[in-house]
Amino acid sequence: MELSKNYLPGDIEAKWYQHWLDKGYFNSTPDHRESFTVVIPPPNVTGVLHMGHCLNNTIQDILVRRARMQGKNACWVPGTDHASIATEAKVVQMLRERGIAKSSIGRDEFLGYAWEWKEKYGGIILQQLKKMGCSLDWNRTSFTMDDAYYKSVINVFIDLHKKGLIYRGKRMINWDVKAKTALSDEEVIYKEVQSKLYYVRYQIADSDEYITIATVRPETILGDTAICVNPDDERYKHLHGKYAIVPLINRRIPIITDEYVTTDFGTGALKVTPAHDMNDYQLGQKHQLEVIDTMNDDGTLSEAAQLYIGEDRFEVRKKIVPELDSKGHIVKIEDYTNQVGFSERTDAVVEPRLSLQWWVSMKELAAPALKAVMEEEIQFHPAKFKNLYRHWMENIKDWCISRQLWWGHRIPAWYAPDGQYAVAATKEEAFSRLTSHDSRLTMDDLRQDDDCLDTWFSSWLWPFEVFKGLSDPGNAEVKYYYPTNTLVTAPEIIFFWVARMIMAGEEYMQQTPFKNVYFTGIVRDKQGRKMSKSLGNSPDLLALIDQYGADAVRFGIMISSPAGNDILFDESALEQGRNFNNKLWNALKLVKGWESRISPLTSHDSHDAQISPSFATDWFHARLQKAKAEVETLMQQFRLSEALKTLYSLIWDDFCSWYLEWAKPGFEQPVAADVYAKTIAYFEEMMQLLHPFMPFITEEIYQLLRTQETDICIKQQTAAQPADNNILAAGELLKQVISALRDARNKNQIKPKDQIKLHIETVNEAPYKNIIGILSKQVNAVTIDFDTANNTNTIVIAVEKDKFFIETEKQLDTTALKAELLKDLEYQKNFRDSVLKKLSNERFVQNAKPEVVELERKKMADAEARITNLEESLKNL
RNA sequence: GGGAGCAUAGCUCAGUUGGUUUAGAGCAUCUGCCUUACAAGCAGAGGGUCCGCGGUUCGAACCCGUGUGCUCCCACCA
C-alpha cells in the first residue's frame with residue numbers, strides 16, 4: 001500500500017470515530033471489573049465548544065482512555081446543564097427578535113419556546129466533542145431537567161426543607177427597576193461614571209454641632225437610620241453614642257462605630273441606609289438598625305420616604321440637593337468617578353433592594369465536605385487549592401437558591417392568600433397541609449412560588465443523579481459506578497460546584513462523589529488575556545481541528561498545560577502537534593519500507609555489524625521500559641503534560657533520531673528478521689502509550705503496522721518491565737560520543753560524505769566493542785581502532801575520560817579547536833576548584849551525608865582526569 | 001478591603017525530602033546540510049545576576065523574613 005507523503009488527519013479521524021462507535025467500545029455496563037467513572041462537567045445547553053472545553057475534555061478523555069486500556073470498566077458520562085440564567089436570556093433574546101416580549105406571554109408558553117430552543121441547539125456542543133475524539137458513553141447522555149432528574153431536585157429541596165436546612169429570608173439583591181426583576185450578580189455590568197460627591201451636614205441632636213458625611217446618592221438620606229464612624233477616629237470620639245438629625249425629615253438616628261469605615265475617605269463619617277446599599281445592610285444587621293425601604297419596585301420613592309413620594313429616584317436627586325443647600329446642609333460638592341452597576345438586559349441603573357428569598361443553611365452541610373478534602377479522602381490536583389477550599393468552607397455563608405426566572409426547577413412551595421405556605425411535591429399535598437390550618441381554603445386559592453432554583457442546585461447532584469442515585473435509590477448502576485474517580489474542572493467553580501457536589505454526595509450517598517479533582521487552568525491568549533467573545537481572541541476550535549487535525553489540537557493544548565496553571569494558547573503548539581503527527585507517519589513509512597527486505601537471518605545468526613544491530617534493539621527495549629515506568633508515575637501524579645513530553649521525546653529523539661538510525665540497514669541491505677519484529681513491537685507499544693493523548697493517528701498506525709487481533713483503544717497495556725541500567729548507560733555513552741564527533745566534524749567543516757578514520761584511546765575498550773558497527777556508520781568512519789594516532793593532522797576530542805582522534809584528509813585549522821579546548825579546560829578547572837573547596841571544608845565532610853561526600857570525591861576525580869586529558873590534547877596540537 | 005498564588009534562557013515552563021545541576025526541556029534564534037522515512041526534516045551551536053535585599057545552614061533556585069512587580073478569586077468602597 002502506498003502511504004501519503006504527509007499525514008492527512010481528516011478522513012482517518014472520521015473513519016476511526018465511527019468504527020469505535022459501531023463497535024460500542026465507549027459503552028459501559030456494570031460487570032466484574034473495577035469501574036472507572038468520570039462524569040463530564042455538563043456544558044451549558046447554550047454553549048458552543050471553546051478552548052476551555054477542549055482542554056477540559058481532552059484531559060478527561062486521556063484519563064478515561066488510559067483506564068480503559070488498563071482493563072478497567074471505564075465509563076464517561078456525557079450531558080448538559082439547563083443553565084437557567086444563560087438559557088433564559090438566550091430565549092428572551094430570540095423571542096424579542098421575533099417581536100415577542102416575555103412579559104406578554106405566560107409561563108407555560110415561554111417554557112414551550114425554551115424547550116424548543118433546547119431541543120434545537122442544546123446538543124450541538126456534544127456533537128462537537130465527537131470531533132475531538134472524546135470516548136463518551138453516548139447511551140448515557142443526561143440533562144439536568146430530564147423528568148427523573150427534575151423530580152430528584154425537587155425532592156432534595158423538600159428533604160432539606162424538612163430537615164430545617166432550607167429557609168426563607170431577606171436578602172439584598174440587584175433590582176432592575178425597568179424589568180421589575182431581580183438580577184443575578186453575573187447580569188450586573190459595572191461601568192465607570194462621572195458622579196458628584198455631596199458633603200452633607202447633619203445636626204447633632206441637642207447641640208449646635210454638626211457632623212458631615214459624603215454621599216453620591218443624596219436621595220437615600222430619607223432612608224438613613226444611622227451614621228457610622230471608625231471607633232479610632234479621633235475627630236469623632238466625642239460623638240460616640242450620640243444622635244444625629246436627618247435633614248428635611250428630622251429623624252433621630254444613632255451615631256455608631258465600626259471598623260468597616262475608613263478614616264481617609266470623605267469625612268470619615270458614613271451615612272447608613274440599610275435598605276438601599278449592600279454594605280449598609282450588613283452594617284444594619286450587625287448593629288440591629290431599623291431598615292426603611294424608601295423605594296417602590298419601579299424606582300420611584302415610596303411613602304416611607306415621606307418626601308417626593310412617587311417621583312423617580314434620579315429626579316429626586318436633582319431636587320433634593322437644592323433643598324438641602326437652601327437649608328444650609330450642603331457643605332461642598334466634588335466631582336467623583338465611581339463604579340455603578342447597570343442591568344445587562346435593560347441598561348437601567350441597578351438598585352440594591354431587599355427581598356424575600358429561599359436559602360440553604362450551609363454550616364452543617366459544609367463540615368463533612370471540608371473534612372473529606374482536608375483528610376485527603378478527596379485529593380486535589382494540584383494540592384494548592386486545598387487552602388482556598390478550606391478558607392471558603394470555614395467561612396461559608398448561606399446559599400441563596402431562588403432565582404426570579406422561569407427556565408429551571410420551579411420551587412415546590414405553595415402560598416395561601418394570607419401568606420401561609422407549604423413545601424410539598426404536589427399542589428394536592430400542599431393543599432391538604434394548608435387546609436389543616438385554614439379549612440376555608442380552596443385549591444384555586446393556592447399559588448405556587450414563581451421562582452426557580454439556582455442552576456447549581458441541580459448540578460450539585462450530577463455525579464449520582466446521572467445514575468439515578470436518588471430517583472432510583474440503591475440501583476445496581478449507582479452502586480457500581482459511584483463514587484466516580486476523577487472530576488476535571490476549572491478552579492473558578494470550586495465553590496459554586498465542586499464544594500457543593502461534595503456536600504450533596506455526603507448528604508445523599510454517604511460517600512464523596514469523586515476521589516480526585518483535577519483543576520485545569522484558564523485558557524488565555526498569547527498576551528495572557530482571558531479568551532472571550534468580546535475580545536474576539538477565542539479561536540474557532542472546529543476550524544483548528546480542520547486545519548491541524550484533532551490529535552494535533554489535543555497535543556498542542558496538553559503540551560502547554562500543567563495542572564492548575566493557566567495556559568497561554570499559541571497556535572505554534574498545534575503546529576508542533578501536527579509536525580509530531582507527521583514524524584510518526586514518516587517513521588511508519590520507514591518501518592513499512594523494511595517489510596520487503598526482511599532477511600531470514602536474525603541478528604544473532606550473523607556477525608556482520610551492519611545487519612546485526614542487536615545492541616540497538618536491546619538498548620531501545622530498556623529505554624522504552626524506562627519511559628513507560630516514568631509515564632506510569634507521572635500519570636498517577638496527574639502530571640499529564642509531563643507524561644506527554646516524556647512520550648514526545650521518547651518517540652522523536654530516542655526512537656526516531658537514535659534507534660531507527662542505529663537499527664536502519666544500509667541502502668538495499670536486508671533487515672534482520674528479529675530487528676524488524678522488535679521494531680514493530682516497540683512501535684506498537686509506543687502507540688499504545690500515546691493513544692490516550694492522540695487517539696486517531698495511534699489507531700491508524702497500529703492497524704497499518706501489521707494485522708492486529710484487536711483495536712488499539714481496547715488493547716490492554718502491559719506493565720513496564722525493569723530496565724537494564726548497564727545498557728542504558730552504554731546507550732548514553734554512545735549518544736555522547738556520536739554527538740561529540742559530529743560536533744567536531746561540523747566545526748572542522750568535514751562534509752557528511754567525507755570519511756574519517758577514528759582512533760579511540762581508553763583504559764577500558766569493552767563498552768565500545770558492542771557499538772563499533774553503529775558508531776562507524778553514524779560518524780562515517782571508514783575504520784575504528786584502539787591505537788594511538790600518529791598522523792599529526794588529527795582532531796582530538798575528549799569524552800568522559802576517553803580520547804578520540806579523528807584522522808582526515810582535510811587540512812585542519814587548529815586555532816578554533818584550540819580555543820574550544822581552552823574554554824573547556826577553564827570550565828573543568830573552575831569546576832574542580834569549586835569541588836575542592838567543598839571537600840576541604842571540614843564541616844562539609846563532617847556534616848554532609850557520606851554518599852554526598854563520596855559523590856563529590858568522584859566528581860573531583862573525574863574532573864582531574866578530564867583536565868589531564870585536555871592538557872595532553874592541547875600539547876598534541 | 002479579605003484571601004490565594006506566581007516571579008528560573010527571547011517565549012512557555014520543569015527543577016518531586018536543601019547536596020548526581022557554577023541550573024534543564026520545548027518553542028524561537030544562529031550555523032551547516034535538499035543524507036534514498038520525514039525541509040512539517042537532519043546535524044550542531046549560542047543563550048541564565050534562578051526578581052532585589054537580608055537571614056538560617058558546612059551547603060540555598062529550593063527553607064525563613066522583607067521589598068518590588070504581576071495574576072486570580074471573593075467583597076466592592078460611602
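Sequence lines set the chain letters: A, B, ... in the order given, protein chains first and strands last, and positions in each chain run from 1.
- Spacing of P atoms, B:A37 relative to B:A43, comes out at 14 Å, to the nearest Å.
- The CG-P distance, from A:Leu574 to B:U12, rounds to 17 Å in whole Å.
- Taking atom NZ of A:Lys837 as the reference point, atom P of B:G19 lies 18 Å away to the nearest angstrom.
- Of all nucleotides present, none satisfies the Watson-Crick or G-U wobble test against B:G18 with each distance under 3.5 Å.
- In this structure, the CG atom of A:Asn746 is 14 Å from the C1' atom of B:G46, given to the nearest Å.
- Of the P atoms belonging to B:C62 and B:G18, the separation is 11 Å, rounded to the nearest Å.
- The residue among A:Lys589 and A:Arg742 whose nearest nucleotide of RNA chain B is located toward the 5' end is A:Lys589.
- In this entry B:A23 has no Watson-Crick or G-U wobble partner, no candidate having both defining distances under 3.5 Å.
- Between A:Asn279 and B:A78 there is no side-chain polar atom (N or O) within less than 4.0 angstrom of OP1 or OP2.
- The residue A:Lys859 sits close only to the backbone: its heavy atoms come under 4.0 Å of sugar-phosphate atoms, none of a base.
- Taking a cutoff of 4.0 Å between a charged side-chain nitrogen and a carboxylate oxygen, A:Lys838 and A:Glu856 qualify as a salt bridge.
- Here B:A60 sits opposite no nucleotide as a Watson-Crick or G-U wobble pair (both hydrogen-bonding atom distances under 3.5 Å).
- Contacts of A:Asn6 with the nucleic acid, taken as non-hydrogen atoms under 4.0 Å apart, include base atoms.
- Across every strand in view, B:A4 sits in a pair with B:U71 that passes the Watson-Crick or G-U test at under 3.5 angstrom.
- Contact annotation for A:Trp594: no contact, since no heavy-atom pair falls under 4.0 Å across all strands.
- Taking only side-chain nitrogens and oxygens, A:Lys592 never comes nearer than 4.0 Å to OP1 or OP2 of B:C38.
- Using the six-membered ring where Trp is involved, A:Phe496 and A:Trp456 have ring planes that are parallel, under 30° apart on the 30 and 60° scheme.
- For A:Asp654 and A:Lys735, the salt-bridge test passes: some basic side-chain N is under 4.0 Å from an acidic carboxylate O.
- Side-chain N/O atoms of A:Arg639 and base N/O atoms of B:U16 include a donor-acceptor pair closer than 3.5 Å.
- At B:A75, none of the side-chain N or O atoms of A:Tyr281 fall inside 4.0 Å of OP1 or OP2 (strictly under the cut-off).
- To the nearest whole angstrom, the two P atoms, one in B:G54 and one in B:G41, are 47 Å apart.
- If you check distances only, the side chain of A:Lys583 does reach the base of B:C38 with a donor-acceptor pair under 3.5 Å.
- Under the Watson-Crick and G-U wobble criteria, each requiring two contacts below 3.5 Å, nucleotide B:A39 is left unpaired.
- Look at CZ on A:Phe569: it is 15 Å from P on B:C13, rounded to the nearest Å.
- For the P atoms, the distance from B:G52 to B:A60 is 15 Å, rounded to whole Å.
- Comparing B:A61 with B:C77, their P atoms are spaced 46 Å from each other, to the whole Å.
- Using a cut-off of 4.0 Å between Lys/Arg side-chain N and Asp/Glu carboxylate O, A:Glu661 and A:Lys664 are scored as salt-bridged.
- Residue contacts shown for A:Val845 are absent, as no nucleic acid heavy atom lies under 4.0 Å away.
- Contact check, A:Ser560 against B:C13: no side-chain N or O comes under 4.0 Å of OP1 or OP2.
- A salt bridge links A:Lys332 to A:Glu334: at least one charged side-chain nitrogen sits closer than 4.0 Å to a carboxylate oxygen.
- Base contact: A:Asn847 has a heavy atom under 4.0 Å from a base atom.
- Ring centroids of A:Tyr648 and A:Phe555 are separated by less than 6.0 Å, placing the two rings close together.
- For the pair A:Trp652 and B:C27, the criterion of a side-chain N or O lying under 4.0 Å from OP1 or OP2 is not met.
- A 3.5 Å limit on both hydrogen-bonding distances identifies B:U66 as the Watson-Crick or G-U partner of B:G52.
- You'll find that the side chain of A:Lys5 is closest to B:C38, out of B:C38, B:A37, B:C27.
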Hey, mind stepping through A:Asn395 and A:His391 against side-chain contact (heavy atoms from CB on, under 4.5 Å) and telling me if it holds? CA-CA 6 Å; A:Asn395 298 286; A:His391 188 261; 3.8 Å; yes
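- Across all strands shown, B:G44 forms a Watson-Crick or G-U wobble pair, both distances under 3.5 Å, with B:C30.
- Protein atom CD of A:Glu661 is 11 Å distant from nucleotide atom C1' of B:A43, rounded to whole Å.
- For the pair A:Phe844 and A:Asp570, nearest-nucleotide mapping onto RNA chain B gives the more 5' position to A:Asp570.
- In this structure, the CD atom of A:Gln749 is 20 Å from the P atom of B:A43, given to the nearest Å.
- Judged by distance alone, with hydrogens and angles left aside, A:Gln778 brings no side-chain donor or acceptor close enough to the base of B:A43 to form a pair under 3.5 Å.
- Between the C1' atoms of B:A23 and B:U35, the separation comes to 35 Å (whole Å).
- Backbone-only engagement by A:Ser739 is indicated by non-hydrogen atom pairs under 4.0 Å involving sugar-phosphate atoms exclusively.
- Per the geometry, CG belonging to A:Leu660 stands 14 Å off C1' belonging to B:G41, to the nearest Å.
- Residue contacts shown for A:Asp743 are limited to sugar-phosphate atoms, with no base heavy atom under 4.0 Å away.
- Between A:Phe580 atom CZ and B:G41 atom P the separation is 12 Å, expressed in whole Å.
- If you check every strand for non-hydrogen atoms under 4.0 Å, A:Lys751 touches nothing.
- Residue A:Arg217 comes nearest to A:Glu351 through the heavy atom pair NH1-OE1, 3.3 Å, listed as atom of the first residue, atom of the second, then distance.
- Here A:Phe495 and A:Tyr389 keep their ring centres 6.0 angstrom or further from each other.
- Contact check, A:Ser641 against B:C13: no side-chain N or O comes under 4.0 Å of OP1 or OP2.
- A gap of 10 Å separates the P atoms of B:A7 and B:G15, to the nearest Å.
- Contacts of A:Cys228 with the nucleic acid, taken as non-hydrogen atoms under 4.0 Å apart, are absent.
- Residue-level contact check: A:Glu642 touches the backbone only, with heavy atoms under 4.0 Å from sugar-phosphate atoms and none from bases.
- Contact check, A:Tyr336 against B:A78: a side-chain N or O comes under 4.0 Å of OP1 or OP2.
- Rounded to the nearest Å, the gap between the P atom of B:A9 and that of B:G24 is 14 Å.
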